[in-house]
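Right, one structure below, let's go through it.
Chain identifiers are assigned alphabetically (A, B, ...) following the order of the sequence lines, protein sequences preceding nucleic acid strands; residue numbering begins at 1 within each chain.
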Protein chains: 2
Amino acid sequence: MPRIAVDERRDLLVEAAIRVMVRDGVAKATTRSIVAEAGMALAAFHYSFRSKQELLENVIGTITAHTLDLAVERLGAEGSVEHKVRAALDSYWQHLMANPGEHRVTYELTQYALRHPGLATVAKRQYEAYIEGASKLIDSLAHSSDVTWTVPVPVIARYLIAVMDGLTLLWLNEGDDAGARAALDLAGDHLISLIRMS
Amino acid sequence: MPRIAVDERRDLLVEAAIRVMVRDGVAKATTRSIVAEAGMALAAFHYSFRSKQELLENVIGTITAHTLDLAVERLGAEGSVEHKVRAALDSYWQHLMANPGEHRVTYELTQYALRHPGLATVAKRQYEAYIEGASKLIDSLAHSSDVTWTVPVPVIARYLIAVMDGLTLLWLNEGDDAGARAALDLAGDHLISLIRMS
DNA sequence: GTCTATAGGAAGATAGAC
DNA sequence: GTCTATCTTCCTATAGAC
């Protein structure tokens with residue numbers, strides 16, 4: 001009954017959609033379940049968004065931005081380069097263990113998007129944003145400690161993203177805390193071995 | 001019209017389901033599209049399988065077995081340990097580039113399974129089978145060349161699976177051949193550095 | 001065993017009163 | 001802008017004739 005500006009309604013629906021996806025999965029995030037989560041009538045969906053696809057574009061954009069913000073926050077550690085690398089990995093891992101549903105949703109969303117022609121380009125841009133973010137993170141890590149990498153930054157960036165994605169999936173699917181943690185530490189060793197002191 | 005044994009019909013439906021999933025994605029693999037692919041009537045589905053879930057259990061089992069068979073074939077290389085490691089990674093990568101749809105489906109299936117209570121245990125067993133397969137592969141690689149690993153085999157196995165999963169996703173999502181390949185080679189360097197000659 | 005026909009429900013999207 | 005009611009389509013699963 002209360003009148004809400006369309007822009008605000010859109011934000012509320014995007015947030016509700018993300019909550020439903022985290023709780024029940026992307027497939028269960030139907031227009032009906034989303035408006036129910038937001039406490040709105042079904043028709044509210046379609047005078048806020050032209051289609052479900054338009055909502056999903058916004059959901060993907062919001063989640064990508066959120067993830068990149070978190071990555072930037074992770075840069076704050078003090079001490080040696082080695083310590084900074086470990087701290088960054090630890091910080092990511094802590095966030096994963098505290099918010100598994102959120103991470104699972106990002107994988108579901110890219111897969112969903114890549115199977116739907118209208119969303120495929122959005123998914124690719126999302127991945128490119130991650131790679132660019134990782135590159136900047138790796139670059140500034142070396143600069144802040146006045147060291148260099150023995151391997152080109154774009155290569156390390158892709159390797160970093162692949163390893164973290166893979167370890168995340170491993171833990172989400174297998175559920176073995178100690179096993180995944182040991183593999184993460186091994187990846188950390190490798191990253192540190194790529195640093196050349198100068 | 002021709003009478004087919006139920007067991008054979010089940011196999012035909014499982015194979016048809018996999019073809020549909022590879023081509024159109026797991027979400028599009030409905031009972032209707034699967035029987036259409038197999039050239040059967042809709043009702044044939046439900047006197048071959050109790051439910052769609054029962055078919056999916058068979059699909060997951062078949063794909064897991066197929067993947068493990070491929071991994072075993074990859075062991076045949078001759079030469080130094082380093083060469084064997086490179087050859088195994090190359091062989092995997094070649095299969096990925098030639099069958100991207102098949103690999104994409106395995107990720108979709110685990111995600112699908114983990115969201116459906118009745119299939120969650122099947123998905124976990126699938127992942128455990130992968131880890132066990134990787135462990136055996138890593139073990140026999142060292143034995144056949146009379147060297148040892150500087151890190152426990154289960155840790156390397158999880159690291160290997162995570163890295164390959166992550167690199168696969170990276171390539172499937174970003175589509176950059178050279179970028180993913182460079183990251184793969186970096187992972188290869190790391191694996192080789194974990195070998196201790198004796 | 002094999003089929004046609006249909007039940008029964010949930011999805012995205014829209015019409016039209018207020 | 002906001003709602004209820006409904007359209008249309010697609011899904012899994014079953015009934016019942018052959």
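Among C/dT2, D/dC11, C/dT4, the nucleotide with an atom closest to any side-chain atom of B/Ile4 is C/dT2. Checking D/dT14, D/dG1, C/dA13 against the side-chain heavy atoms of A/Val6 singles out D/dG1 as nearest. Here D/dC11 is the nucleotide among C/dC3, D/dC3, D/dC11 with the atom lying nearest to any side-chain atom of B/Thr30.
At whole-Å resolution of the value, NZ in A/Lys28 and C1' in C/dG12 are 18 Å apart. Rounded to an integer number of Å, the gap from NE2 of A/His46 to P of C/dA11 is 13 Å. Between A/Phe45 atom CZ and C/dA11 atom P there is a gap of 13 Å when expressed in whole angstrom units. If you measure from atom CG of B/Asp24 to atom P of D/dC11, you get 12 Å, rounded to the nearest angstrom. If you measure from atom CZ of A/Arg3 to atom C1' of D/dT2, you get 7 Å, rounded to the nearest angstrom. One can place CE of B/Met40 at 12 Å from C1' of C/dG1, the figure rounded to the nearest angstrom. Note: CZ (A/Arg32) to P (D/dC7) measures 14 Å, nearest angstrom. Spacing between atom OH of A/Tyr47 and atom P of D/dT2 amounts to 4 Å, rounded to whole angstrom units.
You'll find the side chain of B/Lys124 stays beyond 4.5 Å of the side chain of B/Thr110, heavy atoms only. At a threshold of 4.5 Å between non-hydrogen side-chain atoms, the residues A/Ile161 and A/Ile131 count as touching. Side-chain atoms of A/Arg104 and A/Asn173, non-hydrogen and from C-beta on, do get closer than 4.5 Å to each other.
A/Leu42 comes within 4.0 angstrom of a base, heavy atoms only. The residue B/Arg9 sits close only to the backbone: its heavy atoms come under 4.0 Å of sugar-phosphate atoms, none of a base.
Between A/Tyr130 and A/Tyr127, the ring planes are perpendicular. Angles over 60° get that label, and only those under 30° would be called parallel.
Each of A/Ala29 and B/Asp7 has a nearest nucleotide on DNA chain C; the 5'-most of these lies closest to B/Asp7.
Between B/Glu54 and B/Arg10 there is a salt bridge, since a side-chain N of the basic residue sits under 4.0 Å from a carboxylate O of the acidic one.
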